[in-house]
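Values reported hereafter were calculated over all heavy atoms of this structure, with side chains retained and with hydrogens, waters and symmetry mates removed. Just so you know, ligand 1 is whichever comes first in the structure, and atom 1 is the first atom listed for that ligand. Predicted model, so just to flag it, every value in this text is computed and none were measured.
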Amino acid sequence: MINYFYMLAITTLFALSQPNIKLQVLGSGGPESGDKRASSSYLIWVDGKSKVLIDFGGGASLRFEEVNAKIEDLDVILLTHLHVDHTADIPVLLKSSFFTRASGNLHIYGPSNNDFMPSTQEFIERLFEDNHGAWHYLGDHLDCKARLQLKTHTIKDTRTVKSIYTQGNLHISAISVHHGPIPAIAYRVQIGNKSITFSGDMNGDYHTLEKLAAGTDILVAHNAVPKGASGVASKLHMTPNIIGQIAKQSKTKMLILSHRMLRTLGKEAESKREIKKYYKGNIKFANDKSYYMLK
Ligand SMILES: [Zn+2]
């Protein structure tokens, strides 16, 4: 009997200490106009606060506003890579913070450089740096005396899971993924005993996402190309077949398909059929502002 009450108390305490987590899609589209979606962006709410942003492509700032997210509550922005459809609204967010009480450090993480892309540090400096930045009037945000300071962290290429950020029960880890010639990172956000993993744009060639996503509660995978895609498209993006194999290998509990493009929109049944050849779990197609609770 004592044992029973002891276990009940422990279980109740554990449930109380596990925060309320919500994944919300801000942008479920890609770079095209015509998909009628904001470009890639996701928000993680923890106990009703908008804490972690993953990518912030064109249109995401409007969705951020529509779902009543607050810049004041944001701790971290994770950039999977620096293509326009994943980063274009960053200046919008930073400027709009002026009209809020946002203060302290806002951490921003992203990949390192190569011949095709600047490092995340360089990218942010080219946008905002005091002397040379395109929007150097926002350069104060890079200064340690700023009310809201943007703290940029560049992640070096890594083929093993690397822990990048910890605050309380929030842990973020990262791994490099293959997105053609573009440096790209996938992230896993762990809060207490729950986790969400974001593939970003990638084609699966590095075989790294399955390691990062092992046992994850939700895997957000980008459904940018249809079954049978080849050539450049398949060097940049996962076919449904690859998504299915990774979801299976990682034993993800739920799969959300996003970054939906004109070439995959309308082919949901076919994509799902391909994925189901490998993955038997729950599959959802993302829409702007749709959300998923983690219980
Ligand atoms: Zn993209």
Side-chain angles (χ1 to χ4, degrees), residues 23-43 52-64 77-93 108-114 116-120 123-124 127 155 174-187 196-206 208-209 212-213 219-226 229-240 242-243 246 255-268 271 285-290:
L23 163 67
Q24 187 147 38
V25 177
L26 297 182
S28 58
E32 294 159 298
S33 83
D35 58 9
K36 300 193 171 55
R37 291 158 192 274
S39 296
S40 188
S41 185
Y42 310 97
L43 178 63
V52 184
L53 252 189
I54 300 88
D55 285 343
F56 209 56
S61 58
L62 177 61
R63 300 288 182 251
F64 187 85
I77 302 172
L78 306 170
L79 300 177
T80 59
H81 62 294
L82 305 179
H83 272 156
V84 168
D85 57 318
H86 297 255
T87 57
D89 273 8
I90 297 285
V92 181
L93 185 80
I108 183 162
Y109 288 84
S112 56
N113 64 305
N114 68 3
F116 299 94
M117 281 284 161
S119 71
T120 302
F123 176 77
I124 293 296
L127 289 177
I155 303 167
I175 203 161
S176 295
V177 287
H178 185 269
H179 183 40
I182 305 302
I185 302 279
Y187 295 97
I196 309 166
T197 304
F198 299 87
S199 73
D201 291 359
M202 54 165 274
N203 82 336
D205 274 7
Y206 288 169
T208 45
L209 180 62
L212 182 72
L219 171 61
V220 180
H222 285 185
N223 180 219
V225 297
S230 59
V232 176
S234 67
K235 288 194 170 60
L236 294 171
H237 295 289
M238 298 179 272
T239 56
I242 304 282
I243 295 176
I246 292 172
L255 177 64
I256 296 175
L257 300 169
S258 189
H259 202 286
R260 303 170 68 188
M261 296 181 63
L262 297 180
R263 53 200 178 189
T264 48
L265 286 164
K267 292 188 175 166
E268 288 75 12
S271 296
F285 286 89
N287 291 308
D288 288 14
K289 297 194 275 184
S290 59

*Answer yes or no for His81: is there an N/O/S atom below the 2.8 Å cut-off from the Zn ion (ligand 1)?*
no
_Under a 3.5 Å distance rule, please check whether Thr208 uses its side chain to pair with a backbone N or O of Ile175 as donor and acceptor._
no
_Whether the Ser39 and Asp85 side chains hold a donor-acceptor pair (N or O, under 3.5 Å, no angle test) is what I'd like checked._
no
*Looking at the Zn ion (ligand 1), is one of the N, O or S atoms of His222 less than 2.8 Å from it?*
no
*asked:* Can you check the angle at the Zn ion (ligand 1) formed by OD2 of Asp85 and OD2 of Asp201? Round it to the nearest 10°.
replied: 170°
*asked:* Quick check for you: with the Zn ion (ligand 1) as the vertex, what angle do NE2 of His259 and NE2 of His86 span, to 10°?
replied: 110°
_Option from Thr264, Asp201, Asn203, Thr80 for which side chain to side chain donor-acceptor pair (under 3.5 Å) with His222 holds_ = Asp201
_Glu32: salt bridge (Lys or Arg N to Asp or Glu O under 4.0 Å) partners, not counting sequence neighbours_ = none
